[in-house]
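To keep things clear, I will list the structure first and then write my remarks on it.
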Amino acid sequence: MHIVLDRRPDGGVTATVLDAAAEPVETAELGASDLIEFVRAREGEHPRWVWSSTSRWYPALLAAGVRVQRCVDLALAHRILRASLLTADSDLAREPAGVWDDIARLVAAPAMESGAPALFDVDEPAPSVPLDPVREFEAQQAAVKGASRPGALRLLVAAESAGALVAEEIRFAGMPWRAEVHDRVLTEALGPRAPDGRHPARLEALAAQIREMLNAPGLNPDSQQELLAALRRAGLDVSSTRKWELRDVEHPVIAPLLEYKNLYRLFTANGWAWLETWVHDGRFRPDYVVGGVVTGRWATSGGGALQLPKNIRRAVVADPGWKLVVADAAQLEPRVLTGLAGDQAMADAGRGRDLYDSVVAAGVVASRHEAKVAMLGAMYGATTGDSARLKPRLGRAFPKAIALVDAAAQQGERSDQVMSRLGRTSPRPGGSWREVQERASQPGASAADERRARSQARDWGRFTRNFVVQASAAEWALCWMAELRLRLAELGDGSLENGPHLVFFLHDEIMVHTPEHLAPQVERLVREAAAQAGRLLFGTFPVDFPLQVATVDTYADAK
DNA sequence: AAGGGTCGCGCG
DNA sequence: AAAGCGCGCGACCCTT
């Protein structure tokens, strides 16, 4: 059963109940204040709630203590189905751009500064263009039904929508964050906080030391230009101020300079200003953008939740009587590639052990490190260095897997689109890309034109090579979270306040905040959900997705 | 002063 | 050792 919710111009809501055949069987006209109770009452039947955008509808329900099991996020689904090669012949894909494309773009855009209500106004319908979510839902259903692999798209839409529920629940619950621990980390590293956002003592002392050693009294070490000039004036042969270039230079200024850069980064990116902006009432609330990356990975908008540096993870501490269960999927992308390619040899290598270790044990390369760089290089399209040199050995050991990514690269170079496991489709290259290719194919093209076109084609090939793996891995992670979310709700009383719930997600890693006594069961559910995600994507093909799972008090202890 | 481009670095 | 994929973000710096 589906229930489609539509906001009326008067602020009320029209709820349309669809039966299993997607025929409308009931309509309820709700006043603005009736929605919460309606959803609460009907959720017991576990319908799939169909709404324009989860970020538009769900926060108010969560605030009122109402969770839902399932939804269809029409905006997210619209974007997937409009772009997928699997639905390219559908009416949905062929219709001109409309209001649903606007909404899809808005929910993917960075959130406005606090207070700007853009996201929450998106489906206040302009009088001339009503949203008509029932019609949109029917168009989406028809597109999926007419596709060559409807099951894959159905799963993708369900997983993406479940992800949207998770993102809102994480924002609502927040990641437990102890401001005083964070402050202690900062003070230990930087010295006490200085007034007015000025640099703290430790940074100032290092800056003074750098100026003296470079004999550059007025130097601002935060300015790359000034710093590079000062380094060169002091006789250092460097072409940039990057730390990996500086690291190999012999000079007494290098050590204090690298420490300065490290502390400066901590101060500017995750210092006291960040703490005051993003942590309130003991919670950090990440601003996730579901499907914000072309590959379907999540992005963030503000707060930098996907870049939390290791050195401040000590501040993430479970509440008293609670624990954090932190899990990450080991070598997720190569294992997803294994499933995509149906590469039996690679599946065998990864079964029950570290994939890279068994590549070494099989005599393919000499060390775990080599196995890892070779694998990453194969998936990223390395052209130089150890990674490119070792790739042929991987190709002999795992021919099907390597052939799959090589084929994806060739398709991209031809400007063909590629697809994830479930049908998410890579974008077409932009207009300037095609112009460059066009110019190079003209009779009068110069050698430079041809070189540029070839190089650009290879760039796009590396993108599509990686797309098939990264996008499919993102789908695995969505399925993992979707399965886990439902299991966790059953374990507790269903509420976010009292029961185990997700508080963080990072591509191949999740964190659950749970009452301590439930932690062992949470660990078990995390593993079950991972196994189920593998089955959803790859059926009976025997590829393992082992996890590293840890029950800890602080995130810093998870690895 | 505001906006955009570039650099550098954090994460997977 | 530091390039080969995907990002966000803050600072500097230049243009308007």
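Owing to the predicted nature of the structure, the values given are computational and were not obtained by experimental measurement. Chain letters run A, B, ... following the sequence lines, proteins first and then strands; every chain starts at 1.
Ring planes of W177(A) and W274(A): tilted class, angle from 30 to 60°. Classification of the F505(A)-W298(A) ring pair by plane angle, with boundaries at 30° and 60°, yields perpendicular.
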Between side-chain atoms of residues 548-556 of chain A and protein atoms elsewhere (two or more places apart, or another chain), which donor-acceptor pairs fall under 3.5 Å?
from, atom 1, to, atom 2, distance (Å)
T551(A), OG1, E523(A), OE2, 2.5
D553(A), OD1, K323(A), NZ, 3.0
D553(A), OD2, K323(A), NZ, 3.3
T554(A), OG1, R313(A), O, 3.3
T554(A), OG1, R314(A), O, 3.3
T554(A), OG1, V316(A), O, 3.0
T554(A), OG1, A556(A), N, 3.3
Y555(A), OH, R313(A), NH1, 3.3
Y555(A), OH, E509(A), OE2, 2.6

Just list the side-chain donor-acceptor pairs under 3.5 Å for residues 429-436 of chain A, sequence neighbours left out, or say none.
from, atom 1, to, atom 2, distance (Å)
W433(A), NE1, Q456(A), O, 3.4
R434(A), NH1, P429(A), O, 2.8

Please tabulate, for side-chain N and O atoms in residues 218-225 of chain A, each donor-acceptor pair with protein atoms closer than 3.5 Å (sequence neighbours left out).
from, atom 1, to, atom 2, distance (Å)
N220(A), OD1, D222(A), N, 2.9
D222(A), OD1, Y260(A), OH, 2.5
S223(A), OG, E226(A), N, 3.2

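Listed for the R285(A) side chain is a donor-acceptor partner under 3.5 Å among the backbone atoms of F172(A). A donor-acceptor pair is defined here as one N or O able to donate and one able to accept, closer than 3.5 Å; such a pair exists between the side chain of T464(A) and the backbone of A408(A). Judged by distance alone, with hydrogens and angles left aside, the side-chain atoms of Q437(A) form a donor-acceptor pair with the main-chain N or O of A453(A) at under 3.5 Å.
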So F504(A) and L324(A), side-chain contact (heavy atoms from CB on, under 4.5 Å) or not? Walk me through it.
CA-CA 10 Å; F504(A) 190 57; L324(A) 300 172; over 6 Å; no
Would K261(A) and E245(A) count as a salt bridge (Lys or Arg N to Asp or Glu O under 4.0 Å) if you check the C-alpha gap in whole Å, the side-chain angles of each, and the deciding distance to 0.1 Å?
CA-CA 13 Å; K261(A) 287 167 81 77; E245(A) 185 175 357; over 6 Å; no
Listed pairs, N/O of protein and of nucleotides 1-5 of chain C, under 3.5 Å:
from, atom 1, to, atom 2, distance (Å)
dA1(C), N6, H369(A), NE2, 2.6
dA2(C), OP2, D248(A), OD2, 3.1
dA2(C), N7, R247(A), NH2, 3.2
dG4(C), OP1, T383(A), OG1, 3.1
dG4(C), O3', R462(A), NE, 3.0
dC5(C), OP1, R462(A), NE, 2.7
dC5(C), OP1, R462(A), NH2, 3.3

Grab the N/O contacts between the protein and nucleotides 12-16 of chain C below 3.5 Å, and write none if there aren't any.
from, atom 1, to, atom 2, distance (Å)
dC13(C), OP1, S223(A), OG, 2.2

A correct dot-bracket answer for DNA chain C, with pairs being Watson-Crick or G-U at under 3.5 Å, [ ] for crossing pairs and | for inter-strand pairs, is ....||||||||||||
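For the 3.5 Å distance criterion, the side chains of T54(A) and E168(A) fail to qualify, holding no donor opposite an acceptor.
dG8(B) atom C1' lies 13 Å from atom CG of N262(A), rounded to whole Å. If you take CG of N270(A) and P of dG10(C), they are 9 Å apart, rounded to a whole angstrom. Between the C1' atom of dG12(B) and the CD atom of Q307(A) lies a distance of 11 Å, rounded to the nearest Å. If you take CG of L257(A) and C1' of dG8(B), they are 12 Å apart, rounded to a whole angstrom. Residue W278(A) contributes atom CH2, which lies 13 Å from atom P of dG8(C) at whole-angstrom precision. Rounding to whole angstrom units, CG of residue L547(A) and P of dG12(B) are separated by 16 Å. Remark: P of dG12(B) and CH2 of W480(A) are 13 Å apart, rounded to the nearest angstrom. For W476(A) and dG12(B), the CH2 to C1' distance is 14 Å, given to the nearest whole Å.
In this structure, G304(A) reaches the sugar-phosphate backbone alone: every heavy-atom distance under 4.0 Å involves primed, P, OP1 or OP2 atoms, never a base. G303(A) comes within 4.0 angstrom of sugar-phosphate atoms only, judged by non-hydrogen atoms across all strands, and of no base. Backbone-only engagement by R313(A) is indicated by non-hydrogen atom pairs under 4.0 Å involving sugar-phosphate atoms exclusively. Heavy atoms of K559(A) sit under 4.0 angstrom from primed sugar atoms or phosphate atoms, though from no base atom.
Within a 6.0 Å sphere centred on CG of D237(A), heavy atoms belonging to other residues, nucleotides or ligands number 12 at most.
Taking only side-chain nitrogens and oxygens, R242(A) comes nearer than 4.0 Å to OP1 or OP2 of dG8(B). At the phosphate of dA11(C), neither OP1 nor OP2 sits under 4.0 Å from any side-chain N or O atom of K261(A).
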